[in-house]
Amino acid sequence: MAQEPGGQSQAAADRGYAGQVEQAGRDDGGSQLSNQERPVRVRVAPSPTGDPHVGTAYIALFNMCFARKMGGQFILRIEDTDQARSTPESEAAIFRALHWLGLDYDEGPDAGGPHGPYRQSERSAIYAREVKKLLDSGHAYYCFCTAERLAQVKEAQKAAKGQLRYDGHCRPLDRAEAERRVAAGEPFVIRLAVPATGETTFRDRLRGEIKFDNSTIDDQVLLKSDGLPTYHLASVVDDHLMEITHVCRAEEWITSTPKHVLLYDAFGWTAPEFIHMPLLRNADRSKISKRKNPTSLDWYRSQGFLPEALLNFLGLLGYSMPDGREQFTLAEMIDEFSWDRVNTTGPVFDLEKLDWLNGTYIRALSPETFVARLQAENFLPVGATPEKMLAAAPLVQERTKRLSEVADLTAFLWQELPYEPSALLPAKKGQPLHTAAETRQILEQVRTVFSEIAATQTWSAAALEQSARTLAESGDWKPTELFMTLRIAITGRPVSTPLFETMVVLGLEEAMKRLDHAIAKLE
RNA sequence: GGCCCUAUCGUCUAGCGGUUAGGACACGGCCCUUUCAAGGCCGCGAUACGGGUUCGAAUCCCGUUAGGGUCACCA
């Protein structure tokens with residue numbers, strides 16, 4: 001990479017400076033070992049604004065897999081340097097969501113660890129200290145430009161169809177003079193002094209060499225006027241001090257990576273290896289957004305997606321297992337993990353496939369686990385009992401894609417649903433096949449026969465079906481016609497879990513009561 | 001618009017110079033069946049385009065086109 005001459009000598013000077021820092025004590029995140037030689041340490045660094053994002057889980061998953069595969073550490077760092085948007089509620093929601101998914105980190109705000117604090121708002125002194133080094137070495141400078149001036153410059157550049165970037169107005173300012181203005185209380189920011197010429201290159205693990213002309217890189221603000229760092233400064237400083245070896249983040253960061261590389265150079269630190277994951281997409285292929293796609297992990301949880309299913313699904317996006325299997329556990333994914341099988345094209349987040357996958361996980365649950373999950377996640381309908389749900393579980397699981405559907409699917413078990421009397425009459429193309437009187441008559445026969453069964457035999461689905469079938473055939477009813485009439489009488493709906501099994505679950509007394517009600521409706 | 005990334009069925013993907021381009025979701029049909037599901041079988045359906053390199057390109061290179069990202073004192 002062709003650095004301008006000045007930049008190179010500056011970098012050399014920095015190395016000596018960095019050496020002093022190391023002697024000074026525990027500020028030595030960057031050992032001289034390469035990233036291949038150091039123990040793997042990766043992180044996910046969400047910003048606590050709004051709902052916990054599905055993209056955070058996606059990136060966390062891949063970081064986690066790599067860390068576990070390599071026997072390294074996985075860290076959570078909260079990037080809350082935006083005072084206006086960060087909230088404690090959002091932070092708590094991130095912790096909750098990640099733990100729900102089983103993406104447990106080794107170090108983090110709520111997990112502790114030797115490289116804390118893990119919340120950037122608590123690290124201000126560190127950034128102030130580090131940015132001063134940049135000021136001293138000439139890699140950063142004070143800027144007093146007002147928002148208005150910046151806006152004007154941008155307008156002028158737009159009009160001239162030139163590049164949109166800071167014009168370097170404050171860069172030539174004398175350091176002593178600048179500090180006098182700072183001391184006088186004038187608002188300021190600190191900017192990165194990007195070399196005017198040359199280019200900055202880095203290697204992306206997935207895409208190879210990526211090259212940027214320095215002339216296209218902005219003099220990025222490092223320290224905001226509120227005294228807090230921007231993402232660029234904070235993440236570079238923290239990744240270094242936290243001894244992060246691999247930065248795996250979303251593709252949207254590629255264009256700011258050269259700024260980070262320049263920062264590592266300016267500090268005299270070894271840059272981590274960069275891995276830019278593809279961006280999750282909406283159906284129209286734009287970056288996934290809450291306007292076009294559910295993005296909140298809380299939403300997925302409230303819909304009744306199982307964490308293991310969601311994780312499996314995320315693992316299918318931009319990634320594939322060596323044997324092509326599509327259903328796998330986190331442990332299996334870790335076991336087989338390799339960056340070599342990560343794609344670079346942004347996958348569309350397909351909710352339909354998630355539904356299918358979630359359904360397969362729900363069906364694989366034991367009835368006991370199924371009910372336990374419903375209870376734990378508050379999906380047990382009002383009035384439902386775990387005992388009855390357990391009995392119904394095998395019938396319900398097979399028809400459930402999301403746990404949230406269970407309430408509707410089993411509604412008739414906990415209450416008698418209203419329906420129109422006409423719904424009891426079998427019909428074909430709008431034409432009734434039997435009159436109300438005929439229907440009432442056969443229902444009365446059914447009630448009689450079922451009562452006998454109840455008195456003499458076990459209340460089994462097979463026995464009920466057999467007698468109902470016999471009854472229908474002895475009359476001029478097709479079994480399916482009678483079954484549909486019974487289905488309406490018992491469940492109140494034309495679509496339900498299998499009729500006779502359902503009656504068994506419902507119980508003798510309740511089923512007979514509903515038959516009586518149906519007969520009454522036909523009088 | 002500048003810069004950067006990307007390009008196999010509608011969607012998720014396999015493929016890493018020689019395959020009838022494979023699988024999954026979705027969709028359609030059939031079977032099973034008591035409705036809905038689940039399950040089984042079958043079908044539909046892709047290498048963006050144009051140049052090269054090569055005996056041979058989905059695979060390698062270049063260009064075009066298209067899509068995306070990014071150009072904040074947000075991350």
Side-chain angles (χ1 to χ4, degrees), chain A residues 45-49 79-82 84-86 120 143 145 147 150 154 157-158 161-166 187-191 204 206-207 210-213 215-218 220-232 234-235 249-258 276 278-279 281 283-287 313 316-327 340-341 343-357 359-360 363 395-401 409 465 468-469 478-484 486-488 491 493-501:
Chain A
S47 158
T49 55
E79 310 239 336
D80 56 351
T81 56
D82 184 338
R85 295 200 304 149
S86 299
Q120 289 184 329
C143 171
C145 290
L150 260 21
K154 186 179 271 186
Q157 288 173 339
K158 229 179 241 175
K161 291 196 160 102
Q163 280 188 53
L164 268 46
R165 44 174 296 202
Y166 180 61
F188 70 96
V189 300
I190 293 176
R191 287 179 183 275
D204 180 273
L206 269 23
R207 302 152 210 269
I210 299 179
K211 193 183 292 183
F212 290 84
D213 208 287
S215 64
T216 65
I217 305 173
D218 208 352
Q220 183 64 47
V221 170
L222 300 176
L223 203 71
K224 300 180 281 186
S225 55
D226 64 2
L228 293 180
T230 58
Y231 168 85
H232 309 283
S235 74
R249 76 232 299 188
E251 185 183 2
E252 57 187 329
W253 294 107
I254 288 181
T255 42
S256 48
T257 302
H276 290 97
L279 230 29
R281 312 290 189 98
D284 65 3
R285 297 213 165 268
S286 55
K287 177 165 80 167
F313 179 67
L316 244 25
L317 301 180
Y319 188 75
S320 60
M321 291 291 261
D323 63 356
R325 97 191 97 132
E326 295 202 292
Q327 299 182 41
D340 293 339
R341 281 194 311 281
N343 278 158
T344 46
T345 44
V348 170
F349 194 99
D350 181 5
L351 215 44
E352 284 192 340
K353 187 150 185 176
L354 208 211
D355 270 326
W356 163 75
L357 195 57
T360 68
R363 271 172 258 137
L395 309 179
V396 175
Q397 282 173 264
E398 203 167 271
R399 295 167 172 75
T400 306
K401 285 193 163 78
L409 216 50
E465 178 180 347
R469 209 174 270 282
K478 288 183 186 164
T480 55
E481 292 166 7
L482 176 57
F483 292 172
M484 185 51 79
L486 280 174
R487 186 184 311 284
I488 300 291
T491 71
R493 294 182 185 178
V495 172
S496 76
T497 45
L499 180 58
F500 301 105
E501 284 90 333

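Atoms considered below: every heavy atom in the structure, side chains included; atoms not considered: hydrogens, waters and symmetry mates. Lettering of chains follows the sequences in order, A, B, ..., and the numbering in each one begins at 1.
Side-chain N/O atoms of Ser320(A) include one lying less than 4.0 angstrom from OP1 or OP2 on A14(B). At A72(B), one or more side-chain N or O atoms of Lys154(A) fall inside 4.0 Å of OP1 or OP2 (strictly under the cut-off). Taking 4.0 angstrom as the limit, Lys158(A) places none of its side-chain polar atoms (N or O) nearer than this to OP1 or OP2 of C71(B). At the phosphate of U11(B), OP1 or OP2 sits under 4.0 Å from a side-chain N or O atom of Arg285(A).
When the C1' atom is used for both A46(B) and U13(B), the distance is 12 Å, rounded to whole Å. Nucleotides G68(B) and C12(B), compared at atom P, are 14 Å apart to the nearest Å. Using atom P as the reference point in both C16(B) and C60(B), the two lie 11 Å apart (nearest Å). Using atom C1' as the reference point in both U20(B) and C25(B), the two lie 24 Å apart (nearest Å).
Proximity of Cys145(A) to Tyr166(A): side-chain heavy atoms (C-beta onward) are separated by under 4.5 Å at one or more points.
There is no side-chain donor-acceptor pair under 3.5 Å between Arg207(A) and Thr344(A).
No salt bridge links Lys401(A) with Glu352(A); every basic N to acidic carboxylate O contact stays at or beyond 4.0 Å.
Base contact: Thr255(A) has a heavy atom under 4.0 Å from a base atom. At a threshold of 4.0 angstrom between heavy atoms, the contacts of Lys211(A) are confined to the sugar-phosphate backbone, with no base atom among them.
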